[in-house]
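Okay, structure first, notes after.
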Protein chains: 2
Amino acid sequence: MNSTPRSAGIKDIARALGISIGTVDRVLHNRTGVSLKTKARVLETAEKLGYKPNLAAQALKLNRTIEIAVVLPKQISHFFDPLRAGIRSAAEATVGMRVKVTFHEYPRLGQGDGELLESRLKEKCDGIIFTPGNPRKLDSIINRLTAHGTAMLCVASDAPSSERIGLVSAHAYTSGALAAELLAHKLARKAHVATITGELTTLDHADKLRGFAATLAMLAPHLSLLPAVESHERPKEAYRQTIALLRGETKPQGLYISTANSVPVLQALEEEGLLGKIQVVTTDLFQELVPLIETGKILATLYQRPFTQGKVAFESLVAYLLEEKKASPMIRLAPHIIFRSNLPLFTDRLDDLTDTSQS
Amino acid sequence: MNSTPRSAGIKDIARALGISIGTVDRVLHNRTGVSLKTKARVLETAEKLGYKPNLAAQALKLNRTIEIAVVLPKQISHFFDPLRAGIRSAAEATVGMRVKVTFHEYPRLGQGDGELLESRLKEKCDGIIFTPGNPRKLDSIINRLTAHGTAMLCVASDAPSSERIGLVSAHAYTSGALAAELLAHKLARKAHVATITGELTTLDHADKLRGFAATLAMLAPHLSLLPAVESHERPKEAYRQTIALLRGETKPQGLYISTANSVPVLQALEEEGLLGKIQVVTTDLFQELVPLIETGKILATLYQRPFTQGKVAFESLVAYLLEEKKASPMIRLAPHIIFRSNLPLFTDRLDDLTDTSQS
DNA sequence: TTGAAAGCGGTACCAA
DNA sequence: TTGGTACCGCTTTCAA
């Protein structure tokens, strides 16, 4: 039966000491020009009275405009559109501060991202939310922007050796591990499993594969892993390579598609008559997957919660920019496992990207 | 390459029309004393300029203190402690408004909740967050508090025929459905499955059971469901009834424990030497479950995200109290399925309830 | 029916 | 080293 402490204002403490609010303000903000003993007295009574700044007043007065640029690829829109929607949603919900967000697009991961970031050097902004497709290539420009005073926040995938301020993503290693565990649950006998990924230079994809391989080795030693297939996020290549895989010598009984770009892979499976025959775990959720999950042709999909990633990324970046202490945000969301029976909880949001739902 | 619309203030629109801010304010708040045509003109330019009230200024001027009471049981602390922590976390994060939160506890669901709510009639507050254990019994007091001007928000379980303003909970039906699907994946042959629940008068528990039964019938007709066991959230009764169940004539091969109170049930399983022999799906997460999931003795647990429930409940209630339009918040979170391989993502938070993590 | 002006609780600048 | 004060955007009262 306790309650949050009563809060005193700045003039309460000024009145209590018979001094001016200016002085109190100086003390509370560690500004120069206050004698040590008044400073001590102010701090003491501030503590005693339970001073809590009125954030509304503070925000009103400061009225700072934070400018944030969002630099994300157009492809894969299944993933990046809801991510952008999450950013918009969080931006609209900001209270007590002006935030200006601009969105910038380039074709796909690795194609034009460096250049677009480069161009951001001209129009200085407070922070940039972006996805490093190929971290090695981008480290230099990230560091230059950082040196320029721009807070760089990675979303969806990391660039750990750069000077980015932090990361918001799904926990990629765990996604891979889950995929392995799910396949292990369904494949009781000795079999081969395969993975199809986007681009192994992208850390997120590499992490998934690591989690997958490690967990497979631990939980399902009877399943052996075929070499990973890299689709480079190109539909045609994904299709071609999948066909090759399925017609290869050792045929997989289980398949983990670790990129959201799964349509061409599923098409290949369909054409080879293998949909429903082999166990498939996919990544993320979009319209084409729904009937396949409903009919059990896909065992499960690992939803990376792009909307939430965007929302959290935005909130983290703003918090970082406002904080004094500047803790580095490192947030890995738990992926949602979507089966047939919880699918309806996630489908409503496929059309309506402005939804603010909390899953 | 678009940007979020610039927001105009009240004086921007006053200036644009050459009128005073007082008039604009009257229009925007639907107050009397404005001619119809000025009203129309104001609304039009407000729309055109993209008027967005400065919430900081609004809060500062109004300087209202929202008082919220939280009325929740002490038991089951695994669940309600993190839920309270979520509320605290959200309360601390409020910007630009004074919110006072008081916490009130009663022993367990159905024991003293009515009385404690009753006592809230005396100290009027703006809103109450609470869990209706037995909705029928509480409907009357909920309605009286509502009539009294208090916004009643259900958390964790609903009281649909009362005049509560809304609900924040995990999606109970889906929890049950998932439990059934998981058991169906693991039990390929004809078998019996059983459920152990808390109290079927609690809507949340009834919904879980409905989801479980319906999904079992649809996805796994080879599994037959034994009559539900009600533990009434009492450890001894749960233990006794589980023993009876396990020694009964038709022995279950799968078990769904739909209340967070699973320890006595697991103890009974252990003593009967059945842990690891029959498939078990539990609810929520706490220290005792961790080793059982790690060793595969529990197939999975359905995490109802109590921290997030608390956080979202608080935010929804505050939004409701601040909004003019008063949309009824009805939020069902997607439960997280916790397997062995994603368990580490959830364990870190078991000790540290003040954590603000986003899973 | 409308306009003018006083604050809400801080911040920051200028004067003392 | 201090005190005084204008101002942030909005609400509200009083006067016109």
Side-chain angles (χ1 to χ4, degrees), chain A residues 5-43 45-46 49-66 94-100 322-324, chain B residues 5-46 49-66 94-100 321-324:
Chain A
R6 260 290 301 139
S7 56
I10 190 173
K11 56 175 60 162
D12 292 312
I13 118 163
R15 200 162 355 93
L17 290 169
I19 60 176
S20 86
I21 60 170
T23 306
V24 175
D25 182 73
R26 277 182 279 265
V27 173
L28 293 172
H29 288 275
N30 256 320
R31 272 188 268 273
T32 58
V34 192
S35 74
L36 281 168
K37 59 168 168 285
T38 33
K39 177 166 177 173
R41 295 201 311 148
V42 167
L43 286 175
T45 45
L49 268 50
Y51 170 71
K52 238 183 79 181
N54 182 322
L55 296 176
Q58 199 166 38
L60 177 58
K61 178 62 200 180
L62 294 179
N63 199 13
R64 38 185 155 184
T65 297
I66 292 176
T94 50
V95 172
M97 72 201 93
R98 302 218 168 281
V99 186
K100 197 179 143 203
L322 293 180
E323 288 293 326
E324 308 276 291
Chain B
R6 265 294 297 140
S7 56
I10 192 174
K11 58 174 60 163
D12 293 311
I13 117 163
R15 199 162 355 94
L17 290 169
I19 61 176
S20 84
I21 60 170
T23 306
V24 175
D25 182 74
R26 278 182 278 266
V27 172
L28 293 173
H29 289 275
N30 255 319
R31 271 187 269 274
T32 58
V34 191
S35 74
L36 281 169
K37 60 167 167 286
T38 34
K39 177 166 178 174
R41 294 202 312 147
V42 167
L43 287 175
E44 189 192 351
T45 45
L49 268 51
Y51 170 70
K52 236 183 83 179
N54 182 322
L55 295 178
Q58 199 167 37
L60 177 58
K61 177 63 199 179
L62 295 179
N63 201 13
R64 44 181 154 183
T65 298
I66 292 178
T94 52
V95 171
M97 74 203 89
R98 300 213 172 282
V99 187
K100 196 178 143 203
L321 291 171
L322 293 180
E323 287 294 326
E324 307 276 292

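In what follows, chains carry the letters A, B, and so on, assigned in the order in which the sequence lines appear, proteins first and then strands, with residues in each chain numbered from 1.
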Margin query: For dG3(D) and T23(A) - does any side-chain N or O of the residue sit under 4.0 Å from the phosphate oxygens OP1/OP2?
Written below: yes

Check: Between dT2(C) atom P and L28(B) atom CG, what is the distance in whole Å?
Finding: 14 Å

Notebook entry, point to check: Can you tell me how far NZ of K11(A) sits from CD1 of I19(A), rounded to the nearest 0.5 angstrom?
Noted result: 14.0 Å

Next item on the list: Could you tell me the separation between the CD1 atom of I21(A) and the P atom of dT5(D), rounded to a whole number of Å?
Entry: 11 Å

Note to self: In whole Å, I'd like the distance from the CD1 atom of I13(B) to the P atom of dG9(D).
What the structure shows: 15 Å

Checklist line | Heavy-atom pair with the smallest gap, counting every atom of L49(A) and A8(A) | finding: O-CB, 3.4 Å

Next item on the list: Measure from CZ on R26(B) to P on dT11(D) and round the result to the nearest Å.
Entry: 12 Å

Checklist line | Protein-nucleotide distance (R15(A), atom CZ; dG3(D), atom P), rounded to Å | finding: 15 Å

Item checked: Atom-pair distance (CG on N54(B); P on dG9(C)), nearest Å -> 16 Å

Margin query: If you compare all heavy atoms of D25(A) against all heavy atoms of R31(A), which two are closest, and at what distance to 0.1 Å?
Written below: OD2-NH2, 2.7 Å

Note to self: Nearest whole Å is fine: how far is dG3(C) P from L17(B) CG?
What the structure shows: 10 Å

Notebook entry, point to check: What distance separates I13(A) CD1 from I21(A) CD1, expressed to the nearest 0.5 Å?
Noted result: 11.5 Å

Item checked: Quiz item: K61(B) side-chain donor-acceptor pair to dG7(C) base, under 3.5 Å -> yes

Check: Considering all heavy atoms of both residues, which atom of A56(B) and which atom of L60(A) are nearest to each other, and what is their separation?
Finding: CB-N, 4.0 Å

Note to self: Is there a side-chain contact between Q58(A) and the phosphate of dG9(C), meaning an N or O under 4.0 Å from OP1 or OP2?
What the structure shows: no

Next item on the list: With a 4.0 Å heavy-atom cut-off, tell me which residues in residues 31-41 of chain B come close to DNA chain C, sorted by residue number.
Entry: G33(B), V34(B), S35(B), T38(B)

Next item on the list: May I have the distance from I10(A) (atom CD1) to dG4(D) (atom P), rounded to whole angstrom?
Entry: 14 Å

Check: Nearest of dT12(D), dA12(C), dT13(D) to any side-chain atom of D25(B)?
Finding: dT12(D)

Checklist line | For P53(B) against Q58(B), the heavy-atom pair lying closest together | finding: CB-OE1, 4.3 Å

Item checked: Residue of the set V27(A), L36(A), L17(A) for which side-chain contact (heavy atoms from CB on, under 4.5 Å) holds with R41(A) -> L17(A)

